[in-house]
Student: 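Take a look at the following structure, please.
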There are 2 protein chains.
Amino acid sequence: METNVVDLAQLRRGCAQCSLQQLCLPAGIGQQDLQQLDDIVRRRRPVATGERLFRPGDALTSVYVARDGAFKTVSTSEDGGEQVVGFHLPGELIGLDALGHGRHRCEAVALTTANVCEVPFEQLATVAAQVPSLQQQLLRVIGQSVGRDQDHLGMLVRRQANERIALFLHGLGERLRNIGESGSRYRLPMSREDIARYLGLALETVSRGFTRLQEDGVIAVTGRRIEILQPDELARLAHGGEPAPPVQRRARS
Amino acid sequence: METNVVDLAQLRRGCAQCSLQQLCLPAGIGQQDLQQLDDIVRRRRPVATGERLFRPGDALTSVYVARDGAFKTVSTSEDGGEQVVGFHLPGELIGLDALGHGRHRCEAVALTTANVCEVPFEQLATVAAQVPSLQQQLLRVIGQSVGRDQDHLGMLVRRQANERIALFLHGLGERLRNIGESGSRYRLPMSREDIARYLGLALETVSRGFTRLQEDGVIAVTGRRIEILQPDELARLAHGGEPAPPVQRRARS
DNA sequence: CGCGTCCTTGAGCGTATTCAATCGATGTGG
DNA sequence: CCACATCGATTGAATACGCTCAAGGACGCG
């Protein structure tokens with residue numbers, strides 16, 4: 001547990017001191033130019049679980065990046081169904097859904113207490129126009145976000161439940177590893193229901209999938225604690241491999 | 001049928017004369033600045049059905065916009081499954097999938113013979129940095145593309161087959177209407193299989209869905225010709241409404 | 001300790017898939 | 001000009017997968 005004092009010290013640190021520097025907007029930007037970006041970034045005190053950064057219909061004022069913690073973006077369709085559009089780990093831009101019409105389509109909800117950097121969008125665009133390397137990096141970060149959306153799409157289409165779940169756990173591990181955390185032993189920031197709404201499944205199906213993976217010795221689950229015991233087997237399942245039957249396996253050609 | 005002579009004349013026309021001007025990158029850009037954009041746009045002779053603009057792994061050199069015709073972007077997963085990531089109508093940017101890593105993840109295939117504008121990406125970024133309104137518009141267009149991807153996602157998650165199909169036909173009509181074509185009477189540029197891979201269904205299910213909609217008097221289908229007979233009913237079905245009972249249909253105003 | 005929330009497990013059902021055959025349009029060659 | 005091949009679309013029948021409904025269990029918080 002960190003004390004509040006330490007957190008406040010963290011708050012004062014700029015991009016130059018941030019451990020996510022190379023994964024976030026500042027990546028590949030020189031010292032000089034970085035200062036310009038740093039000047040417009042607002043660092044806010046921690047947001048609590050369940051707090052929202054924005055709601056559907058809100059005007060696009062800022063984009064956000066978590067320094068730690070996790071967020072989900074949720075889109076509510078007119079018939080009341082909630083769809084989890086994405087999960088956002090530290091370093092991943094939040095709020096791009098409003099780029100199209102200038103208003104947010106989703107709401108962004110904190111899954112844990114989290115520290116976020118707020119980047120006023122107008123100013124970001126202005127600075128990006130002046131700093132070519134920032135413009136480039138902004139486009140790259142947007143592109144990565146598009147890439148994650150496509151990965152998400154790939155999870156949903158014509159894949160069966162267990163495959164989606166394996167893909168999800170595998171992909172989450174990858175992303176965690178990217179930001180320097182363990183990809184094989186982590187705590188899920190989201191509920192089973194969130195996962196279900198992200199994967200397009202019933203929450204019971206997600207639960208059963210976890211149980212099945214555990215029975216097969218691929219992972220160990222206790223509540224939200226995940227340990228990946230057989231990473232290669234998980235990867236195999238994620239890419240359409242047959243689940244290994246308990247005793248004998250039947251051939252499918 | 002247009003003659004080649006007419007087509008060549010069309011090719012020479014710049015953005016200022018293009019009917020898509022207000023829907024495409026030039027939207028909201030002044031005469032002066034438009035010329036700068038126009039100078040870097042390459043207009044190519046028509047591409048034939050089945051031709052590719054780029055393939056997975058290709059470096060990002062240009063982004064593309066169709067002036068007419070239609071494209072699909074397809075992502076092939078390692079297990080060989082093909083997923084249709086998106087359909088692209090005139091005025092919609094193609095090639096943004098490479099923004100993240102600088103290499104394309106998908107291939108872009110022409111569904112019809114089509115005329116495309118090619119915009120070298122480096123130069124586009126350079127001009128965008130000089131022309132604020134273009135930078136703004138570029139971000140907006142990217143955002144709209146993200147928005148379409150989210151709509152796509154919304155079609156796939158927790159919606160049943162008939163709902164997805166209604167949503168698809170409805171949405172396609174909207175997009176066609178946007179570019180000045182009829183949204184209630186059109187020819188599908190893509191096969192049933194493409195639609196199936198886009199909607200995450202088996203192609204037989206798509207076929208059955210069309211048949212069902214026709215039986216219910218909502219649409220008329222002959223091959224790829226679609227006529228929407230009851231637009232409001234289609235919209236109702238698209239948003240989770242119950243299919244109408246077999247015998248009588250109720251009027252909805 | 002008790003309550004609420006989150007997660008797990010079970011049973012039956014419904015929807016979409018798979019496998020397979022047919023049909024229709026289009027195009028090619030005899 | 002028509003037989004034949006080919007491709008796309010439609011239709012049918014049986015299966016399987018995931019959903020719904022329902023109950024029970026575990027964990028965390030006051």
Side-chain angles (χ1 to χ4, degrees), chain A residues 48-50 72 81-84 109 111-113 155-169 187-216 219-226 237 240 242-243 245 250 252-253, chain B residues 49-50 72 81-84 109 111-112 155-169 187-216 219-226 237 240 242-243:
Chain A
T49 305
K72 64 175 174 181
E82 293 200 338
Q83 153 66 6
V84 174
V109 186
L111 293 169
T112 63
T113 53
M155 280 188 218
L156 295 177
V157 173
R158 300 287 274 156
R159 300 204 114 89
Q160 41 194 51
N162 292 333
E163 223 172 314
R164 295 185 202 188
I165 294 164
L167 220 32
F168 172 72
L169 291 174
R187 185 181 161 78
L188 294 168
M190 72 294 280
S191 69
R192 298 289 190 272
E193 180 159 21
D194 286 333
I195 299 173
R197 285 181 175 155
Y198 179 76
L199 294 179
L201 300 170
L203 76 86
E204 296 94 326
T205 306
V206 173
S207 188
R208 282 186 248 269
F210 280 15
T211 304
R212 177 67 197 277
L213 283 171
Q214 175 154 250
E215 284 170 358
D216 293 353
I219 63 173
V221 200
T222 20
R224 297 193 175 181
R225 286 231 82 82
I226 298 286
L237 293 171
E242 299 270 322
R250 49 154 172 245
R252 251 194 63 83
S253 64
Chain B
T49 305
K72 64 175 174 182
E82 293 199 340
Q83 152 67 3
V84 174
V109 186
L111 293 168
T112 62
M155 280 188 216
L156 294 178
V157 173
R158 302 285 273 156
R159 299 206 114 89
Q160 43 193 48
N162 292 334
E163 222 172 315
R164 296 186 202 187
I165 293 164
L167 219 31
F168 172 72
L169 291 174
R187 185 180 161 77
L188 294 169
M190 72 294 281
S191 68
R192 298 288 190 274
E193 180 160 20
D194 285 334
I195 298 173
R197 286 182 173 155
Y198 179 76
L199 294 179
L201 300 171
L203 74 88
E204 296 94 325
T205 307
V206 173
S207 190
R208 282 185 246 268
F210 279 15
T211 304
R212 176 68 196 276
L213 283 172
Q214 175 154 250
E215 283 169 359
D216 292 351
I219 63 173
V221 199
T222 22
R224 296 192 176 180
R225 286 232 81 83
I226 297 287
L237 292 172
E242 297 277 317

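Just the heavy atoms: all of them, side chains too, but no hydrogens, waters or symmetry mates, feed the values below. Throughout, a chain's letter reflects where its sequence line sits, starting with A, and its residues are numbered from 1.
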Student: Nearest whole angstrom, please: distance from the P of dA9(D) to the CZ of R197(B).
Tutor: 12 Å
Student: Please identify which of these residues, L169(A), N162(A), T205(A), meets the side-chain contact (heavy atoms from CB on, under 4.5 Å) condition with F210(A).
Tutor: L169(A)
Student: To the nearest angstrom, how far is I165(B) atom CD1 from dT10(D) atom P?
Tutor: 11 Å
Student: Applying a 4.0 Å non-hydrogen cut-off, can you work out what S207(B) is touching in the nucleic acid: base, sugar-phosphate, or nothing?
Tutor: base
Student: Side chains of D216(A) and L237(A), heavy atoms from C-beta outward: is any pair under 4.5 Å?
Tutor: no
Student: Do the side chains of R197(A) and V157(B) get nearer than 4.5 Å, heavy atoms only?
Tutor: no
Student: Figure out the CZ/P separation between R192(B) and dC23(C), and round it to whole Å.
Tutor: 19 Å
Student: Kindly compute the distance separating CE (M155(A)) from CG (L167(A)), expressed to the nearest 0.5 Å.
Tutor: 5.0 Å
Student: Tell me whether the OP1 or OP2 atom of dA9(D) has a side-chain N or O from R224(B) closer than 4.0 Å.
Tutor: yes
Student: Just how far is it from atom CZ of R158(B) to atom CG of L201(A), taken to the nearest 0.5 Å?
Tutor: 7.5 Å
Student: Please give, in whole Å, the distance from dC6(C) C1' to I195(A) CD1?
Tutor: 12 Å
Student: How close or far is atom C1' of dT8(C) from atom CD1 of I219(A), stated in whole angstroms?
Tutor: 14 Å
Student: Can you find a heavy atom in the side chain of T49(A) that is under 4.5 Å from one in the side chain of L111(A)?
Tutor: no
Student: Is the shortest side-chain N/O distance from T211(A) to OP1 or OP2 of dT9(C) below 4.0 Å?
Tutor: yes
Student: With a 4.5 Å limit on heavy-atom distance, are the side chains of R224(A) and S191(A) in contact?
Tutor: yes
Student: Can you check the R225(A) CZ to dA26(D) C1' distance for me, whole Å?
Tutor: 17 Å
Student: Could you tell me the separation between the CG atom of L199(A) and the C1' atom of dC19(D), rounded to a whole number of Å?
Tutor: 15 Å
Student: Tabulated below should be each protein N or O lying under 3.5 Å from an N or O of nucleotides 12-17 of chain C; please produce it.
Tutor:
| from | atom 1 | to | atom 2 | distance (Å) |
| --- | --- | --- | --- | --- |
| dA16(C) | OP1 | A161(B) | N | 2.6 |
| dT17(C) | OP1 | A202(B) | N | 3.1 |
| dT17(C) | OP2 | A202(B) | N | 3.2 |
| dT17(C) | OP2 | T205(B) | OG1 | 2.1 |

Student: Between C1' on dG8(D) and CG on L111(B), what's the gap in Å once rounded to a whole number?
Tutor: 15 Å
